Peer 1: 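Sharing a structure below in structure tokens format, with a few things to ask.
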Number of protein chains: 2
Amino acid sequence: MGTTKKEKFNARQNRLAAIFKAMAHPARIAIVQQLVKSEHCICGELVGELGLAQATISQHLKELKHIGLIKGCVEGTRVSYCINEKVWQQVKKECDQFFVTYYAKEACH
Amino acid sequence: MGTTKKEKFNARQNRLAAIFKAMAHPARIAIVQQLVKSEHCICGELVGELGLAQATISQHLKELKHIGLIKGCVEGTRVSYCINEKVWQQVKKECDQFFVTYYAKEACH
DNA sequence: CCATTTGATCGCAATATTACGATACATATC
DNA sequence: GATATGTATCGTAATATTGCGATCAAATGG
């Protein structure tokens, strides 16, 4: 009990849920928006920008990295984060495809 | 501690996060897909379709209803669920707007 | 080599989510 | 009104998430 029963659903459903889950936090939305705006971003800048502890930001970055939406490259003592364009396009497409499936039908009134 | 610090983010970020959160579970994805496919759907049908307990399905339906993406109308002893078209279009739009903000930039290599 | 800078990770407390049996509730039907 | 049907809600156990201080690790600069 307590665990999501992923085995009851297909790969596409689980993947889509994982994508949405990665974005299901305002801090992670904010991080992504920042990266979209500024191309590169250092973890420390995000800490200043968002006003959360460094450990917290680092954890959120990890989750976004986990689904591949962002990537980070070490530059000296710093790590520069940016959007992973390829995955971004994929994710965008998967979202689009999900939302496009519905076109107005007879609703329950 | 343990609670999302919503007050650090703006309304748009929190709203988008809430939308994604509502979809951040494969069962809820599956429910929405079912409603898209079949227009109307009874809770009991979803229970049979997804293979989760009735109480669990009912809870997932509640979360989807909470952000307005679906609605249910009582029909006798049953409740018929369907997509809320208006909110669906809104949500689709908000997602689109989010994903469209990014167009390829110089990434960190 | 030592101190500094920067970020990742650990460990923990608080809270939230997931799942489900049991039960309450609402509407039919007899 | 009693019974059946279908759904919501309650209570609870298991697990996951959020946030952060403390610490670890890697690279830089002296």
Side-chain angles (χ1 to χ4, degrees), chain A residues 1-9 13-14 17-31 34-35 40-67 70-82 108, chain B residues 1-9 13-14 17-31 34-35 40-67 70-82 108:
Chain A
M1 234 188 281
T3 326
T4 294
K5 300 201 159 176
K6 295 187 184 176
E7 72 281 4
K8 302 231 173 190
F9 307 97
Q13 288 164 335
N14 282 310
I19 289 171
F20 286 137
K21 194 170 183 179
M23 319 274 268
H25 193 289
R28 294 196 290 273
I29 297 285
I31 287 172
Q34 189 62 39
L35 294 185
H40 307 266
C41 215
I42 298 304
C43 173
E45 290 173 344
L46 292 165
V47 173
E49 199 74 37
L50 305 196
L52 291 175
Q54 183 266 319
T56 306
I57 297 293
S58 196
Q59 206 171 292
H60 283 307
L61 286 168
K62 192 178 175 183
E63 286 176 72
L64 289 169
K65 237 187 331 188
H66 183 250
I67 61 153
I70 70 173
K71 56 184 175 178
C73 4
V74 180
E75 287 181 356
T77 81
R78 307 169 164 212
V79 179
S80 182
Y81 283 97
C82 67
C108 44
Chain B
M1 235 190 280
T3 326
T4 295
K5 299 200 158 177
K6 294 188 184 176
E7 72 281 2
K8 300 230 172 188
F9 308 97
Q13 289 164 334
N14 281 311
I19 290 170
F20 286 137
K21 194 170 183 178
M23 319 274 269
H25 193 290
R28 294 197 290 275
I29 297 284
I31 288 172
Q34 189 61 39
L35 293 184
H40 308 267
C41 214
I42 298 304
C43 173
E45 289 173 345
L46 292 165
V47 173
E49 199 74 38
L50 304 197
L52 291 176
Q54 184 267 320
T56 306
I57 297 293
S58 196
Q59 206 170 292
H60 284 306
L61 286 167
K62 192 179 176 183
E63 285 177 72
L64 289 169
K65 236 186 334 187
H66 184 249
I67 61 154
I70 70 173
K71 56 184 175 179
C73 4
V74 179
E75 286 181 359
T77 81
R78 308 169 163 209
V79 178
S80 182
Y81 283 96
C82 67
C108 45

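These numbers come from a predicted model, not from an experiment. Naming convention: chains lettered A, B, ... in sequence-line order (proteins, then strands); numbering from 1 in each chain.
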Peer 1: Need to verify one output field. Residue with the more 5' nearest nucleotide on DNA chain D, B/Thr3 or B/Gln59?
Peer 2: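 The residue closer to the strand's 5' end, by nearest nucleotide, is B/Gln59.
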
Peer 1: Check this one for me: any side-chain N or O of B/His60 less than 4.0 Å away from OP1 or OP2 of C/dT17?
Peer 2: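 For C/dT17, neither OP1 nor OP2 has a side-chain N or O of B/His60 closer than 4.0 Å.
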
Peer 1: Please determine if a side-chain N or O atom of A/Thr77 lies less than 4.0 Å away from the OP1 or OP2 oxygen of C/dT5.
Peer 2: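 Result: no.
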
Peer 1: Select base, sugar-phosphate, or nothing to describe what B/Ile57 touches, counting heavy atoms under 4.0 Å on all strands.
Peer 2: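 Contact class for B/Ile57: none.
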
Peer 1: For B/Arg28 and B/Ala22, indicate whether the former's side chain and the latter's backbone hold a donor-acceptor pair under 3.5 Å.
Peer 2: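 Pair found, side chain donor or acceptor close to backbone of B/Ala22.
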
Peer 1: Over all heavy atoms of both residues, which pair between A/Ala27 and A/Leu50 is shortest? Give the atoms and the distance, please.
Peer 2: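 It is O-CD1, 3.8 Å.
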
Peer 1: Quick one: A/His66 NE2 to D/dT17 P, roughly how many Å, whole number?
Peer 2: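 Going from NE2 in A/His66 over to P in D/dT17 covers 10 Å.
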
Peer 1: Please work out whether the ring planes of A/His25 and B/Phe9 are parallel, tilted or perpendicular, with thresholds of 30° and 60°.
Peer 2: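 Geometry flag for B/Phe9 against A/His25: perpendicular rings.
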
Peer 1: How long is the straight-line distance from CG of A/Asn14 back to OG1 of A/Thr4, given to the nearest 0.5 Å?
Peer 2: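 Result: 9.0 Å between the selected atoms.
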
Peer 1: On DNA chain C, compare the nucleotides closest to A/Gln54 and B/Gly51; which residue's is nearer the 5' end?
Peer 2: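 Taking each residue's closest nucleotide, the earlier one in sequence belongs to A/Gln54.
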
Peer 1: From the list C/dA19, C/dT6, C/dA16, which nucleotide is the closest neighbour of the side chain of A/Lys5?
Peer 2: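 For the A/Lys5 side chain, the nearest candidate turns out to be C/dA19.
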
Peer 1: The side chain of A/Ala53 lies closest to which of these nucleotides: D/dC20, C/dA8, D/dT7?
Peer 2: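 Taking heavy atoms from C-beta onward, the closest nucleotide is D/dC20.
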
Peer 1: Of the options C/dT18, C/dC20, D/dT18, whose atoms approach the side-chain atoms of B/Arg28 most closely?
Peer 2: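 Selected nucleotide: C/dT18.
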
Peer 1: Would you mind telling me which of D/dA8, C/dA8, D/dC20 lies closest to the side-chain atoms of A/Ser58?
Peer 2: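 Given the options D/dA8, C/dA8, D/dC20, the side chain of A/Ser58 is closest to C/dA8.
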
Peer 1: Check the distance between D/dT18's C1' and A/Leu64's CG and give it to me in whole angstrom.
Peer 2: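 Taking atom C1' of D/dT18 as the reference, CG of A/Leu64 is at 14 Å.
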
Peer 1: From the options D/dA16, D/dG19, C/dA8, select the nucleotide whose nearest atom is closest to the side chain of A/Thr56.
Peer 2: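 The closest nucleotide is D/dG19.
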
Peer 1: Starting at atom CE of B/Met23, determine the distance to atom P of C/dT18, rounded to an integer number of angstrom.
Peer 2: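 Between P of C/dT18 and CE of B/Met23: 14 Å.
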
Peer 1: Of A/Glu45 and A/Thr4, whose nearest nucleotide on DNA chain C comes first from the 5' end?
Peer 2: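 Result of the comparison: A/Glu45.
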
Peer 1: Atom CD of B/Glu75 to atom C1' of C/dA28: distance rounded to whole Å?
Peer 2: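 My rounded result for the distance is 14 Å.
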
Peer 1: How many whole angstroms separate atom NE2 of A/His25 from atom P of C/dT15?
Peer 2: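 From A/His25 NE2 to C/dT15 P: 15 Å.
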
Peer 1: From the list C/dA8, D/dA22, C/dT27, which nucleotide is the closest neighbour of the side chain of A/Ala55?
Peer 2: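 For A/Ala55, the side-chain atoms sit closest to D/dA22.
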
Peer 1: Can you see if the side chain of B/Tyr81 gets near the phosphate of D/dA8 - specifically, an N or O under 4.0 Å from OP1 or OP2?
Peer 2: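 It does, given that an N or O in the side chain of B/Tyr81 lies less than 4.0 Å from OP1 or OP2 of D/dA8.
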
Peer 1: Can you find a pair of side-chain heavy atoms, one from B/Val79 and one from B/Glu75, that are under 4.5 Å apart?
Peer 2: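 A side-chain contact under 4.5 Å is absent here.
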
Peer 1: Grab the two heavy atoms, one from B/Gln34 and one from B/Cys41, that are nearest each other, plus how far apart they are.
Peer 2: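 Where B/Gln34 meets B/Cys41 most closely, the heavy atoms are CG-SG, 3.9 Å.
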
Peer 1: Could you give the CG-to-P distance, from A/Leu50 to C/dG7, as a whole number of Å?
Peer 2: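 Atom CG in A/Leu50 sits about 13 Å away from atom P in C/dG7.
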
Peer 1: In whole Å, I'd like the distance from the NZ atom of B/Lys6 to the P atom of D/dT18.
Peer 2: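 Atom-to-atom, B/Lys6 to D/dT18, this comes out as 11 Å.
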
Peer 1: Given C/dA28, is OP1 or OP2 found less than 4.0 Å from the side-chain N or O atoms of B/Arg78?
Peer 2: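 No.
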
Peer 1: For the side chain of B/Cys43, counting heavy atoms from C-beta on, which of C/dA8, D/dT7, C/dT18 is nearest?
Peer 2: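 Taking heavy atoms from C-beta onward, the closest nucleotide is D/dT7.
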
Peer 1: Heavy atoms only, 4.0 Å cut-off, all strands: where does A/Lys21 land among base, sugar-phosphate and nothing?
Peer 2: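 Counting heavy atoms under 4.0 Å across all strands, the contact made by A/Lys21 is with sugar-phosphate only.
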
Peer 1: Once you round it to whole Å, what is the distance between C1' of D/dC20 and CG of A/Leu52?
Peer 2: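 Those two atoms, CG and C1', are 10 Å apart.
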
